Every structure is written in C-alpha cells, then in structure tokens.
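Have a look at the structure below before the remarks.
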Protein chains: 6
Amino acid sequence: MKPVVVTGTPRVEPALVERLAALGVATAHEAMGRSGLMKPYMRPVWTGAAVAGSAVTALVHPGDNWMIHVAVEQCRPGDVLVVAVSTDNTDGMFGDLLATSLQARGVVALVIDAGVRDVAALAEMRFPVWSRAISAKGTVKATLGAVNVPVVCAGALVKPGDAIVADDDGVLVVPRRDAAAVAAAGEARVANEDDKRARLAAGELGLDLYGMREPLAKAGLTYVEWREDDGD
Amino acid sequence: MKPVVVTGTPRVEPALVERLAALGVATAHEAMGRSGLMKPYMRPVWTGAAVAGSAVTALVHPGDNWMIHVAVEQCRPGDVLVVAVSTDNTDGMFGDLLATSLQARGVVALVIDAGVRDVAALAEMRFPVWSRAISAKGTVKATLGAVNVPVVCAGALVKPGDAIVADDDGVLVVPRRDAAAVAAAGEARVANEDDKRARLAAGELGLDLYGMREPLAKAGLTYVEWREDDGD
Amino acid sequence: MKPVVVTGTPRVEPALVERLAALGVATAHEAMGRSGLMKPYMRPVWTGAAVAGSAVTALVHPGDNWMIHVAVEQCRPGDVLVVAVSTDNTDGMFGDLLATSLQARGVVALVIDAGVRDVAALAEMRFPVWSRAISAKGTVKATLGAVNVPVVCAGALVKPGDAIVADDDGVLVVPRRDAAAVAAAGEARVANEDDKRARLAAGELGLDLYGMREPLAKAGLTYVEWREDDGD
Amino acid sequence: MKPVVVTGTPRVEPALVERLAALGVATAHEAMGRSGLMKPYMRPVWTGAAVAGSAVTALVHPGDNWMIHVAVEQCRPGDVLVVAVSTDNTDGMFGDLLATSLQARGVVALVIDAGVRDVAALAEMRFPVWSRAISAKGTVKATLGAVNVPVVCAGALVKPGDAIVADDDGVLVVPRRDAAAVAAAGEARVANEDDKRARLAAGELGLDLYGMREPLAKAGLTYVEWREDDGD
Amino acid sequence: MKPVVVTGTPRVEPALVERLAALGVATAHEAMGRSGLMKPYMRPVWTGAAVAGSAVTALVHPGDNWMIHVAVEQCRPGDVLVVAVSTDNTDGMFGDLLATSLQARGVVALVIDAGVRDVAALAEMRFPVWSRAISAKGTVKATLGAVNVPVVCAGALVKPGDAIVADDDGVLVVPRRDAAAVAAAGEARVANEDDKRARLAAGELGLDLYGMREPLAKAGLTYVEWREDDGD
Amino acid sequence: MKPVVVTGTPRVEPALVERLAALGVATAHEAMGRSGLMKPYMRPVWTGAAVAGSAVTALVHPGDNWMIHVAVEQCRPGDVLVVAVSTDNTDGMFGDLLATSLQARGVVALVIDAGVRDVAALAEMRFPVWSRAISAKGTVKATLGAVNVPVVCAGALVKPGDAIVADDDGVLVVPRRDAAAVAAAGEARVANEDDKRARLAAGELGLDLYGMREPLAKAGLTYVEWREDDGD
C-alpha cells in the first residue's frame with residue numbers, strides 16, 4: 001500500500017443519490033442483483049437515519065486514526081466517509097470532534113469498520129454513523145495509510161465515488177457507473193411492492209400471489225396430516 | 001430431512017397462552033426448571049414487545065426463504081412462526097411484506113434463527129420479531145425444507161404446537177403438554193416475588209431473606225478485614 | 001482462589017467521583033494515558049445513563065450468582081458493584097429483585113461480565129447496568145467465590161475501591177490512587193476541547209488545527225490527482 | 001428439567017454401527033438427506049479417529065461435571081457418551097481420569113459441547129474426543145442435571161440410543177430408527193462415488209459427468225471473453 | 001451480480017509464481033507494503049503446504065456449490081481456485097471428488113471462504129486447501145453465481161489472474177501487475193534477513209541491530225528499577 | 001499508561017519452575033484453587049511443548065510490536081516472554097527472527113495475546129509459542145508501550161516474575177509468592193491421581209471411588225427405567 005491521497009475523485013450526481021436514498025438499502029440491494037452489501041455487523045449508532053452519498057474512502061491501521069483527519073479535507077457536501085482498517089479492530093477512532101468537522105463540511109454520514117465513541121453526542125448531533133463497534137478506546141496518529149484508494153470495508157469493495165446507501169437494515173455500496181440503473185430497477189420494484197403489500201394485507205397468500213404452488217409441487221413438496229405420535 | 005408440510009398441528013389453548021405471556025420469559029423459564037431457553041443471541045428487533053403463542057415451525061436452508069412462504073399458509077391467529085435454518089446464516093429472510101401477510105393472518109410474532117430486514121417498517125407496524133441478526137441480504141426461493149416438523153432453533157428444540165414466550169429477555173419454548181403446569185408454577189413464583197421485592201426495597205438483605213448465611217458459612221466462606229497492602 | 005469476603009475496603013472520595021462522572025468515559029480514558037477500559041462487548045442495558053462510583057468486586061462462577069448476594073451486603077451508597085466470572089458466561093445472573101436490593105442500598109450501577117435479565121424492569125427502574133449479554137437463563141447458588149478481591153472483569157483489572165466510570169461509550173476503571181490526577185488531567189482536556197469544537201464547527205480543518213501537515217509530509221504522504229483508470 | 005437418570009435405554013445393533021462408521025460422517029450425512037450434523041465448531045482433539053456408537057446422553061451445567069460421573073455408569077461397550085450443557089461453556093469438564101474410566105467400560109468416544117483437558121494424554125491413550133474447546137479450567141460437582149434424556153448438543157437433537165458417527169469432518173446424529181435406512185442409502189452412494197472418482201481423475205469434467213450444462217444454461221448462465229479492462 | 005463465466009482470463013507467468021512461492025506469505029506480504037492478506041481465520045486443512053498460483057475466482061451462494069463445478073472447467077495447470085461466498089457460510093462445499101477433479105487438471109490449491117469436507121482424504125491426496133471451516137454439511141446446486149469476476153474473499157479483493165501465495169501463515173493476494181515488483185522486493189528482503197538472523201542468533205540485540213535505542217529515547221521511553229512494592 | 005521499562009524484576013527459583021512444569025497446567029490450576037488460567041483461545045502454535053518459566057511482560061498496541069524488541073533485552077535464561085495488547089488484535093507481531101533472538105538469550109517460550117507468523121519455522125526451531133492467532137500481518141514500530149509492568153493477558157493478570165506454566169491444555173499464571181505452595185499442593189494431587197487412575201482402569205466407578213452416591217441421592221437424583229415412548 002502506498003501512502004497516498006487521491007484528490008479530485010468523482011461523485012454520483014445528487015439527484016441520483018437522492019433516488020437511491022429513497023429506495024433504502026434492502027430494495028437497492030435487490031435491484032443490484034443481491035450484491036454490494038457490507039456484513040451485517042455494521043450497525044447504526046443511533047436508529048432511524050436513512051442516507052445516501054458519494055464515497056470518500058480512507059484506509060487506516062488498527063489503533064491509528066491519522067488518515068481520518070487527512071480524509072476530512074477531501075470531503076465535500078453530500079459525501080459519505082468510508083473508513084476501512086488493515087486488520088480487524090474495534091478501537092474508538094471517531095468521536096464528536098471529528099463529527100463536528102464532517103458536519104461543518106456537509107458530509108452526510110460516516111461508515112467505519114472499527115469503533116466510534118462519544119455516541120451520546122453523535123445521537124444528539126443527529127450525525128449518522130454505521131460502525132462495527134462502540135468503544136471509548138483512544139487511538140494514536142503515527143502511521144500513514146491512504147485516502148481515496150479502493151478499499152474493502154466490512155467485506156465490500158468501495159471505490160471513491162461509489163454511492164453508499166445506509167439505513168437501519170445496513171450499508172450498501174453501489175458502483176458509481178451502476179447507480180442510475182440501480183435506481184431505475186429499484187423504483188420499478190417499489191411500484192410493484194405496493195400492490196403486493198395491499199393484496200397480502202387483504203389476506204391473499206404469497207403462495208398464490210407469487211405462483212409458488214406449482215414449482216413447489218414439482219420440486220417434490222408433499223403435505224401430510226399431523227398425528228399425535230409424530231415426534232411428539 | 002423429508003420435504004414435507006405437516007398440517008393440522010395442535011395448539012396450546014389461548015387462555016393458557018395468555019397466562020404464559022403474563023409471566024414473561026424469565027419467570028416461565030424458572031418455572032420450567034431452568035430449561036427451554038433459546039441462546040441469548042436471539043434479540044428483539046424492537047424492544048418492548050412481550051408475547052406468547054403456539055409454534056408453527058419451518059426449517060429452511062441458508063440464503064433461501066422459500067419455506068417461510070409455505071409456512072404462512074399453516075399459520076392461524078395466535079400463532080408464533082418459528083424459523084430454523086439448516087446451518088448458521090444471517091441473511092435477511094423476512095421483511096415487511098411477509099410481516100404484512102403474517103399480521104393479516106393474526107400471527108403474533110416471528111422467531112427466526114437468521115436475519116430480517118425492513119426493520120424500521122417492522123417497528124412501525126409493531127410486528128414483534130426476535131432474530132439472530134439484522135441484514136438486508138436477499139434470499140432465493142430454490143430449495144425445499146419442511147414445515148411443522150420438530151426443529152432446533154437457536155439451540156432449543158421446538159415442536160409444532162409448543163408454546164413460545166418471548167420478551168426483551170429472550171425466547172422460551174414451553175412443550176405443549178407442560179404448558180399448564182408451567183403456567184401454574186410460574187404464577188406461584190410471581191406471588192412469592194412480590195413479597196420479596198417489597199422486603200428488599202425496604203432494605204432487608206437477600207442473605208437474610210433467603211437464609212443464606214448458614215449455608216455460606218458451612219461451605220467455608222470467611223470474612224477478613226481489608227488492609228492497605230492487600231494486593232493494592 | 002480463596003472463598004473470602006474482604007470487608008472495610010476503601011472508596012474514592014465522592015467529590016472526586018462526581019468529577020470523573022462529569023468527564024465521561026472517553027475523556028477520562030484519554031486522561032489516563034489510554035488505559036483502563038473494559039472490552040467493548042460491555043454494553044449498557046438501556047442507553048443514556050452516565051455514572052461513576054467506587055468498586056465493590058465479586059468473583060463468581062459460570063451459572064452461579066451466589067456471591068452477588070454476598071456482595072450486596074458490602075455495598076454502600078455511591079458504590080458500583082463489579083462482577084467478574086471465572087470463565088466466559090452469559091447466564092442471567094442479575095434481575096429486578098437484586099436491582100431493587102442494590103437501589104435500596106444506594107448503589108449507583110452494576111457492571112457484570114455475564115448476562116442480566118428483567119431488562120424491561122431495569123430500564124423502568126432506571127437502574128444502570130452494563131453487561132456482556134442479556135439472557136433469561138437462571139443460575140444456581142452452589143459454589144463459593146470471593147468478594148472484594150482484585151478481579152479481571154472484561155479484560156480490565158479492578159481492585160475494590162477503584163473508581164468505575166461508565167456511560168454509553170463503555171466502562172472505565174480508574175485506580176483509586178490515580179483518581180485525583182485523572183480528574184485533573186481530564187478537566188484540562190475538556191477545557192481544551194471546547195475551543196477545538198468551535199473552530200472545527202466553523203470549518204477549520206483538523207489538519208491545520210492540530211498542525212498535522214508537516215509531520216504527514218515528513219512521514220512521506222503524497223497527493224496525486226485521480227484519473228479515470230485508477231482502479232475504476 | 002428433572003434431575004433424573006434413565007436406565008435401560010436402547011442401542012443400535014453393533015453390525016449397523018459398524019456400517020455407519022465405515023461410511024463416515026460426510027457420506028452418512030448426505031444419505032440422511034443432509035440433516036443431523038452438529039455445528040462445525042465441534043472438532044476432534046486429535047485427528048485420524050473415525051468411530052460410531054450408540055449415544056448415552058448427559059445434560060450438565062456450565063462449570064459443573066457432576067453428571068458426567070453419573071453417566072459413566074450407564075455406558076456399555078460400543079457406546080458414545082454425548083454431553084450437552086445448559087448454556088455455552090468451554091470449561092475443561094473431562095480429562096484423562098474420566099477417559100480411563102470410559103475406556104475401561106469399552107466406550108468408543110466422547111462428544112462434548114464444552115471443553116476438555118489433559119489432551120496430550122487423551123491423544124496418547126488414543127481415546128477419541130470431539131469437543132467445542134480445549135481448556136484446563138476445572139469444574140465443580142454441585143448441581144444435578146440429567147442422564148439419558150433427549151438433549152440438544154452443538155445444535156443437534158440427540159436421544160439416548162441414537163447412532164453417533166464422528167470423524168475428522170465432524171459429528172453426525174442418526175436417529176436410532178433411521179440407522180438401517182441410512183446405512184443402506186450411504187452404501188449405495190459409496191458404490192456410486194467410486195466410479196465418479198475414477199472418471200474425474202481421468203479428466204472428465206463434473207459439468208459433463210453430472211449433466212449440468214443444460215440446467216446451467218436454462219438458469220441463465222452465460223460465457224463471455226475476458227477483456228483487459230474488465231475490472232482490472 | 002450477473003450470472004456469468006468469464007473465459008480466457010490472464011495468468012501470472014510460471015517463473016514469477018515460483019519466485020513468490022519461494023518467498024512465502026509473510027515475506028511477500030511485507031514486500032507488498034503490508035497489504036493483500038486474507039483474514040487469519042483462513043487456515044490450511046493440513047499443515048506444511050506452501051504454494052503459489054494464478055487465481056481463478058468463483059462467487060457462490062451460502063449452501064450452494066454449483067459454481068465450483070462450473071469454475072473447474074476454467075482452471076489450468078498452475079492455477080489456484082479461489083471461492084468467495086455472498087454471505088458468511090461454513091458449509092462443506094468441497095470434498096475429495098472435486099479435489100480429484102482439480103488435481104487431474106493440475107490445479108495447485110483451493111482457497112475457499114467456506115467449509116470443506118473429506119479432510120482426511122484431502123490430506124492423504126496432499127491437495128492443499130485453505131478454508132474458513134471444516135464441515136461435513138452438504139450443499140445444493142440450485143442458484144447461479146459467477147466465475148472469474150473480481151471477488152472479495154476473506155476480506156481481500158481477488159481478480160482473476162492475480163497471484164495467490166499460501167502457506168501455514170495464511171493466504172496472500174498479489175495483484176497480477178505487481179507480481180514482478182513484489183518478487184524482487186521480497187528477494188531483497190530475504191537476502192537481508194539471513195544476515196540479521198545470524199547476528200541475532202549470535203546474541204546481538206534487535207535494539208542495536210535495528211538502531212532503535214535513539215528513536216525509543218526520543219519518543220520518551222524511560223527505564224526504572226523494580227522495587228518490591230511496584231504493584232506486587 | 002506510562003512508557004516505561006522496569007528493570008531488575010524478580011524471578012521464580014529455577015528448581016520451583018521445574019516442579020511446576022512437571023505438574024502441567026491442569027494439575028497446577030487445580031492446585032491453585034482453580035484460578036489463574038488464560039482464556040482457552042490461547043493455543044500452542046505446535047503441539048507437544050510443556051514449559052514453565054518466569055514472566056517478563058510487555059504491553060504493546062494493536063499492529064505495533066516495538067515494545068517486543070525492547071522486552072527482549074530484559075529477558076534472561078529461563079524466562080517466558082508474555083505480551084499483552086491494549087486492545088484485541090491478531091496481527092503477526094512475532095516471527096522467526098524474534099524467536100532466534102529469544103532462543104539466543106535462553107528464553108523458554110512466548111505467550112502472546114495477538115498473532116504470530118513464520119509458524120513453520122517456529123515449529124522447526126522447536127521454540128514454544130502460545131498465541132491468540134496465526135497471521136502473516138506485518139506490524140509497525142511507532143508507539144511506546146511498557147515492559148515489566150503488570151498486564152492483563154488473555155484475561156489473566158500477569159506481574160513480572162510470576163511463574164508461567166504452559167502446555168497443550170493452555171497457559172497458567174502462578175503468582176510468584178504462591179509458586180512454592182502451588183508446587184507442593186500439585187505434587188500431593190499427582191500422587192493421589194495415580195492410585196485413582198489404576199482403580200478406574202480396573203473398572204471401579206467414579207461414583208464409588210469419589211463417594212458420590214449419597215450426595216447425589218440427597219440432592220434429589222432419581223433413576224427411572226426407559227420406556228419406548230419416552231420422548232422417542
């Protein structure tokens with residue numbers, strides 16, 4: 001890894017970002033062909049936030065948040081700062097001072113595969129954070145990493161300028177060039193879901209709504225009556 | 001495992017279910033002789049729900065929620081749908097559409113040893129869910145499992161028709177034939193606890209209330225005065 | 001391990017405890033030179049509590065809470081009861097009855113490297129608890145442990161009379177003799193942070209505020225312009 | 001859970017046990033329709049053992065091996081002792097003295113969802129053990145459990161008299177009444193595999209051997225030529 | 001994710017692969033600037049193998065090994081098959097039949113972020129495998145994935161044609177275009193290490209050999225004499 | 001934490017160390033009243049080593065092994081180097097060069113709550129290592145820690161000069177001042193065990209040998225005959 005900061009990285013167009021945010025993670029993930037999700041250990045520090053933005057990436061080392069300070073300067077309004085670590089680590093690399101700085105720059109969220117602290121303040125500031133852990137453990141500023149290089153964060157590849165969608169269901173990475181197609185596919189899906197929801201609420205079975213009875217029978221599913229001695 | 005759906009499974013009588021719900025998990029678990037609990041990684045998606053119901057079971061495969069759709073048809077008002085997986089998996093097998101369908105059928109809760117998604121919607125719908133994980137990861141509908149066979153869910157054996165009790169403390173399985181005895185034993189325990197709570201609140205020590213001083217001394221417990229150099 | 005209860009253990013002076021509570025965990029941890037934190041799996045049962053107190057310690061065995069009952073008697077107003085276990089265990093060793101007893105004695109919090117139950121009641125009582133797990137699993141009272149001996153709890157050494165600081169960021173142990181120095185160092189730190197927060201909120205970069213540009217350049221950090229084919 | 005020892009439990013016929021041992025875990029598991037496996041954290045203490053036997057079960061509590069001593073008396077030549085714990089625990093509940101006792105009784109293996117110790121001696125004695133952990137942590141003998149009741153061990157239901165098959169791939173539970181059918185199905189599978197192995201060794205592709213090309217194409221799989229800029 | 005097989009992917013030149021294998025994982029990783037390592041949960045199924053080769057990649061779904069069969073056809077002598085899964089999974093996706101097929105094609109190793117089975121046979125065949133788990137759990141062939149697309153495997157990005165280096169220390173990914181530079185840097189490092197090893201074996205201290213005394217003193221390290229009451 | 005190296009720390013007398021090594025971890029742990037064990041995730045890098053020695057301690061930071069180099073100088077023949085980390089970390093902090101240096105100084109083993117690498121070489125050198133992980137991940141030398149201060153390593157408190165006992169069962173810490181008493185108590189235990197082993201090997205039951213029948217009956221254990229419909 002070279003200790004480098006890449007400047008002038010691209011962004012996803014704001015209107016597109018907004019459409020992805022409106023879809024939410026689960027729908028956009030389905031629209032992507034079920035790929036791009038970070039691992040489910042990434043949880044929101046406070047619930048209820050639902051955001052999208054363009055990724056600025058940072059690669060840091062365990063117990064060392066120096067590169068986060070460097071990355072802040074590369075952030076612009078509408079960005080999501082994505083922090084990956086060179087090895088599993090839960091240290092509290094980010095707190096209310098860094099959040100103040102990011103908020104001042106118009107950054108919409110932090111996604112970090114490590115720990116964060118000052119979480120009561122983060123909730124009060126309404127600054128959205130998805131992290132691997134909550135930890136007060138302090139960090140040093142001693143070793144260089146990189147900013148705006150491709151990183152693997154919580155099992156997902158993130159390139160600078162990719163769209164990040166995050167809500168209570170988790171964090172999704174939408175490659176920049178796929179963003180428009182994903183938004184369109186997701187919106188079609190949503191339109192479709194409203195009708196389904198109404199029919200399910202009215203008592204129609206998914207088995208019928210989705211036409212599953214025939215494929216289930218073909219696959220060999222059989223129905224038998226329960227008897228008192230059936231493993232009871 | 002045979003790909004089978006067992007129909008006409010038994011239920012626990014509603015009045016009995018209500019009594020178990022009133023006890024709550026911790027008390028009913030003690031009343032069962034401290035058995036029947038699912039592992040503590042099973043957590044409510046939103047806090048505050050406290051329910052009981054009769055189990056409809058489904059056994060599914062990792063990344064595949066086909067059998068949940070099949071299981072919905074077997075559910076009746078007052079049931080709890082219990083989903084076990086053939087191997088550890090956190091995929092998001094259940095979301096707001098399936099919750100809409102279950103609510104339409106009067107199902108009181110979902111207990112699933114896997115992930116769920118659309119958790120903001122689930123909280124808004126007030127549909128209680130206990131799960132191993134929250135994950136937006138989508139699933140396929142490709143492989144048969146089974147419905148209403150005995151399953152091991154989060155370390156506990158569940159047979160169709162067993163009573164499920166769930167609240168913020170976790171999830172308990174009460175075998176159908178033991179439900180009446182457990183309810184009675186739990187109610188006796190509750191009556192007993194109110195008096196204890198009052199005495200403890202008044203400052204009486206558990207050591208005295210429970211008569212522990214003598215058995216402690218017999219077991220060899222001794223008291224010594226702290227000195228400055230005692231490992232300090 | 002000898003089955004012993006040490007009585008008459010020391011405390012940290014109340015005024016000092018109050019100052020540590022005001023600092024919070026993250027700041028006090030920094031003021032200690034970044035040491036003394038329990039592992040981040042220790043989480044509050046309900047969020048929003050922020051406390052400090054003098055430690056009364058208990059060492060118990062897995063699945064056995066007998067010594068907690070013994071420890072209650074050693075607690076005084078302003079204490080924090082700290083429970084360590086001789087091996088990893090998540091059983092529900094503590095519930096609303098023990099919390100009632102501790103509250104009656106003026107104890108400010110429980111810190112336990114095991115599970116707790118009755119968590120809805122604990123939240124309603126506003127009794128602060130930090131634990132490794134939430135579990136309804138009941139425990140026995142069969143084996144002696146020790147009270148007010150030095151223990152390792154969630155990776156941190158705790159001696160009776162040490163100060164415990166706990167909030168949504170985690171749990172910190174401040175050795176009794178260091179408490180005054182830590183409070184002073186933390187207060188200096190807070191004064192310093194307010195100014196920083198204002199400057200960061202006004203848009204000043206941490207890179208400038210902390211004078212990082214020169215050391216970063218010296219360490220070899222370089223800036224390059226993004227190009228379309230940079231791994232994209 | 002009632003503190004009970006069930007005596008006179010059934011066994012699987014020795015000839016049948018031998019046939020299951022010859023199949024091994026992976027083949028017998030497939031022959032059962034891919035069910036009955038314990039979780040993969042169950043590992044052999046020393047590699048190379050491959051056994052089968054009838055289950056004698058014990059349910060113990062964390063940190064307490066009293067019931068293992070009780071279970072020994074219920075063991076007969078050809079048995080496998082299966083120990084489940086009422087909650088997750090890694091304590092060293094079993095060592096060379098208990099292994100000596102089991103070997104003296106002709107028991108073929110121990111399967112325990114907890115820790116074991118004296119592992120160098122166990123390897124030297126060639127006494128096969130599958131466990132969740134290796135730990136020198138000692139246990140008490142204070143609380144009753146049960147012997148020869150149905151238990152959930154490492155995620156699998158085990159009833160006394162079920163067949164246990166264990167080798168370097170893990171541990172399988174074959175319900176007693178299914179043992180003959182599983183042995184027969186497994187043997188058919190083995191015959192079939194020898195031919196497959198020879199054809200694969202000769203260079204024939206599984207795609208052709210298993211006739212997968214048509215279903216893959218039907219499912220929508222396409223082939224494209226790699227180009228230099230394909231994500232590289 | 002599109003269900004696609006990319007053919008004609010590039011390889012690293014055999015002579016280069018050989019040089020990387022000779023370096024081993026730890027040295028090559030240092031030569032890469034300490035990047036490219038898979039997570040340490042990836043362990044060899046049998047110890048002592050040390051290999052390198054060009055990556056053929058497969059992306060499969062939990063509990064489904066269909067794409068591994070498809071990937072075999074894309075493998076050539078000298079390749080390493082790298083299998084990533086769309087979500088965490090330990091199922092036994094690979095056994096002796098697939099190993100026979102890979103060996104027949106000259107494949108040097110399997111690296112899989114899931115489970116494998118028939119491990120006694122794999123060791124006997126001397127077919128090297130690095131995996132997340134050992135598990136007899138069988139899989140289905142029902143859902144399409146992709147072959148020779150970039151994947152994230154155990155936290156590391158792998159593109160088809162990257163060099164894979166694996167030994168008892170773990171698994172390293174060397175991007176194809178960096179392979180020559182990494183080999184050269186690693187070889188320089190090895191030459192350097194032999195001299196260091198001799199000096200350390202002769203009793204010279206690393207503090208002197210690496211010239212650390214001055215930077216340590218500058219950073220503030222102090223030496224003090226132990227006294228009996230130093231925390232003892 | 002102060003960045004300090006404490007020199008001239010005490011040792012346990014060699015004859016005593018030898019007696020502890022002869023006992024082994026499980027026996028010495030019992031002789032200590034079942035305390036002092038490190039967590040069972042500490043495993044030997046190669047099996048078969050059984051050692052004891054006096055502890056030299058180092059406290060390092062995640063991803064940084066600078067203090068290990070400093071600690072080497074404090075080691076003397078017969079010592080065990082114990083490395084604790086300020087937060088959970090699996091990086092490969094130790095390899096064959098450091099092992100060469102320690103062997104040159106007569107150090108008998110390394111115990112490290114982090115990762116190690118070059119494990120094939122470590123096994124060949126017969127240098128005993130117990131660690132949390134095996135990982136090729138390289139580390140920096142940037143941040144000061146401390147040497148020969150009390151540390152918590154894998155859940156156990158270690159002071160410089162304590163005796164460390166380690167074998168295939170795990171790692172035990174014996175406080176320096178308790179070493180003679182532990183050795184004596186362990187030796188008495190061993191003498192006692194030989195007789196027990198012979199009696200158990202001859203078929204005598206532990207129930208009789210340990211006189212458990214009466215306390216079991218008193219505690220309420222009952223025996224019942226198995227019936228075909230007992231949950232089967």
Side-chain angles (χ1 to χ4, degrees), chain A residues 24-44 47-50 165-172 192-194 196-210 212-213 215-228 230-232, chain B residues 2-10 45-46 63 66-70 72-74 90-92 95-105 115-123 132-150 157 159-162 175-177:
Chain A
V25 170
T27 299
H29 160 69
E30 289 285 344
M32 276 182 70
R34 290 178 193 144
S35 62
L37 264 184
M38 291 191 187
K39 295 204 185 268
Y41 63 70
M42 295 295 283
R43 297 300 305 146
T47 56
V165 190
D167 60 23
D168 289 353
D169 286 346
V171 184
L172 178 74
N192 189 12
E193 281 202 347
D194 284 344
K196 284 182 193 164
R197 189 174 291 104
R199 288 167 66 183
L200 292 167
E204 190 171 341
L205 282 169
L207 286 180
D208 298 312
L209 180 60
Y210 303 113
M212 287 175 176
R213 292 193 191 275
L216 283 165
K218 218 174 191 170
L221 189 68
T222 56
Y223 287 74
V224 303
E225 187 70 20
W226 182 82
R227 292 173 314 164
E228 183 65 23
D230 267 15
D232 189 73
Chain B
K2 286 191 199 107
V4 75
V5 180
V6 179
T7 60
T9 52
V45 162
W46 50 272
W66 210 8
M67 280 302 112
I68 299 181
H69 290 274
V70 174
V72 170
E73 188 179 27
Q74 304 307 315
T90 60
D91 288 353
D96 70 332
L97 288 181
L98 275 164
T100 298
S101 192
L102 287 185
Q103 255 186 349
R105 298 184 77 77
V116 297
R117 56 185 187 178
D118 304 325
V119 293
L122 295 178
R132 164 195 280 259
I134 292 171
S135 171
K137 177 68 166 43
T139 50
V140 298
K141 293 159 198 11
T143 305
L144 296 183
V147 172
N148 276 333
V149 297
L157 176 65
K159 294 178 181 174
D162 284 348
R176 181 167 53 94
R177 288 169 184 165

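Predicted, not measured: the structure shown is a model, and the values here were computed from it. In what follows, chains carry the letters A, B, and so on, assigned in the order in which the sequence lines appear, proteins first and then strands, with residues in each chain numbered from 1.
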As an exercise: rank B:Ser135, B:Ala123, B:Gly115 by heavy-atom pairs under 4.5 Å with chain A and give me the winner.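 Highest number of heavy-atom pairs under 4.5 Å: B:Ser135.
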
Under 4.5 Å, counting heavy-atom pairs only, tell me which of B:Asp96, B:Thr143, B:Val149 racks up the most with chain A.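 So the answer, after comparing B:Asp96, B:Thr143, B:Val149, is B:Asp96.
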
Determine the minimum heavy-atom distance between [X] and [Y], stating which atoms define it.
X        : Y        : result
B:Gly145 : A:Leu221 : O-CD1, 4.4 Å
A:Asp169 : B:Val119 : OD1-N, 3.0 Å
B:Thr7   : A:Glu225 : OG1-OE1, 3.0 Å
A:Pro40  : B:Thr90  : CG-OG1, 3.6 Å
A:Leu200 : B:Ser101 : CD2-OG, 3.9 Å

Taking every non-hydrogen pair under 4.5 Å, which of A:Thr47, A:Asp168, A:Val25 racks up the most with chain B?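 Going by pairs under 4.5 Å, I would pick A:Asp168.
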
For each of A:Leu205, A:Val171, A:Asp167, A:Thr27, tally heavy-atom pairs with chain B at distances under 4.5 Å, and name the one with the top tally.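 Most heavy-atom pairs under 4.5 Å with chain B: A:Leu205.
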
Rounded to the nearest 0.5 Å, how far does [atom2] of [Y] lie from [atom1] of [X]?
X        : Y        : atom1 : atom2 : result
A:Arg213 : B:Glu73  : CZ    : CD    : 4.0 Å
A:Glu193 : B:Asp118 : CD    : CG    : 7.5 Å
B:Lys2   : A:Thr222 : NZ    : OG1   : 9.0 Å
B:Thr9   : A:Trp226 : OG1   : CH2   : 8.0 Å

So B:Val72 and A:Leu207, side chain to side chain contact (heavy atoms under 4.5 Å, CB included) or not? Walk me through it. CA-CA 9 Å; B:Val72 170; A:Leu207 286 180; over 6 Å; no

Could you go through the side chain to side chain contact (heavy atoms under 4.5 Å, CB included) check for A:Lys196 and B:Thr100 one step at a time? CA-CA 10 Å; A:Lys196 284 182 193 164; B:Thr100 298; over 6 Å; no

In terms of heavy-atom proximity below 4.5 Å to chain B, should [X] be classed as side chain, backbone, both, or neither?
X        : result
A:Arg199 : neither
A:Leu37  : side chain
A:Glu204 : backbone

Which residues satisfy the ring pair (Phe, Tyr, Trp, His ring centres under 6.0 Å) test with A:Tyr41, sequence neighbours excluded?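 Ring pair (Phe, Tyr, Trp, His ring centres under 6.0 Å) check on A:Tyr41 returns nothing, list empty.
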
Heavy-atom contact with chain A under 4.5 Å, split by part of B:Leu144: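 Just its side chain gets close to chain A.
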
Could you tell me which portion of B:Arg117 (side chain, backbone, both or neither) has an atom closer than 4.5 angstrom to a non-hydrogen atom of chain A?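 For B:Arg117, heavy atoms of backbone and side chain both lie under 4.5 Å from chain A.
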
Among A:Glu30, A:His29, A:Lys39, which residue meets the side-chain contact (heavy atoms from CB on, under 4.5 Å) test with B:Lys137?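 Single side-chain contact (heavy atoms from CB on, under 4.5 Å) partner of B:Lys137 among A:Glu30, A:His29, A:Lys39: A:His29.
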
